[in-house]
Amino acid sequence: MIVLFCIFCISIFFLRKLKAGRRDNMKQQSKYAVTGALAGAANGLFGAGGGMFLVPLLTGWCGMEQRRAFATSVAVILPLSAVSAVVYWLRGGLELAAAAPYLLGGAAGGLLAGRLFQRVRMVWLRRVFGLLILYGGVRAVLLL
């Protein structure tokens with residue numbers, strides 16, 4: 001709860017820095033905040049999947065360019081995942097020793113993908129992302 005409160009306070013601080021006369025900017029910031037809340041809820045409820053909400057919402061609702069939305073999603077998911085991990089750990093649902101190998105593999109994959117990101121054509125990024133969402137949805141339905 002303390003971590004969530006700190007994130008909330010930091011967000012309010014940055015929102016207050018906006019000039020009062022810039023209502024469009026405030027409206028856009030509100031869209032980003034709602035999008036982030038949905039991603040955080042997905043991350044907390046499902047243990048992952050916040051990026052599945054972020055990229056479509058950032059591009060469709062917030063009007064962000066696709067490549068920038070992918071990069072923004074990665075930057076947003078890191079603190080959201082950290083908050084979720086702390087909550088799971090405090091409630092006894094996280095075994096750190098079991099998570100370590102995945103963390104190392106994920107870091108290696110993230111470094112490699114980050115280096116390839118600018119070289120891959122946007123159409124292929126969209127297709128792979130769509131297939132990933134489709135795979136996750138089919139798998140979730142079949143496991144019901």
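Since the structure is predicted, the reported quantities are computational estimates derived from the model, not experimental observations.
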Test of understanding: clusters of I, L, V, M, F, W, Y form through side-chain heavy atoms closer than 4.5 Å, transitively. Do [X] and [Y] belong to the same one?
X      : Y      : result
Leu134 : Val128 : no
Leu142 : Tyr135 : no
Trp124 : Leu131 : no
Ile133 : Met122 : yes

Exercise for the section: Give, for atom CZ of Phe70 and atom CE of Met64, the distance between the pair rounded to the nearest 0.5 Å. Expected result: 12.5 Å
Practice task
List the steps, then state whether side chain to side chain contact (heavy atoms under 4.5 Å, CB included) holds for Val55 with Gln66.
Solution key: CA-CA 8 Å; Val55 173; Gln66 188 94 30; 3.8 Å; yes
Pair up each side-chain donor or acceptor in residues 107-115 with any protein partner under 3.5 Å, not counting sequence neighbours, and list the distances.
none

Testing the basics here: between [X] and [Y], what is the closest heavy-atom pair and its distance to 0.1 Å?
X      : Y      : result
Ala97  : Pro101 : O-CD, 3.5 Å
Arg67  : Arg121 : NH2-C, 4.1 Å
Phe117 : Ala71  : CZ-N, 4.4 Å

Problem - Main-chain N/O of Ala69 paired with Ser73 side-chain donor or acceptor, under 3.5 Å - result: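 A pair under 3.5 Å: no.
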Practice task
Step through the shown structure and confirm whether more than 12 heavy atoms of other residues, nucleotides or ligands are within 6.0 Å of CH2 on Trp89.
Solution key: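 Check fails, neighbour count at 12 or below.
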Handout entry: Thr72 vs Leu54 side-chain heavy atoms within contact, under 4.5 Å
Key = no
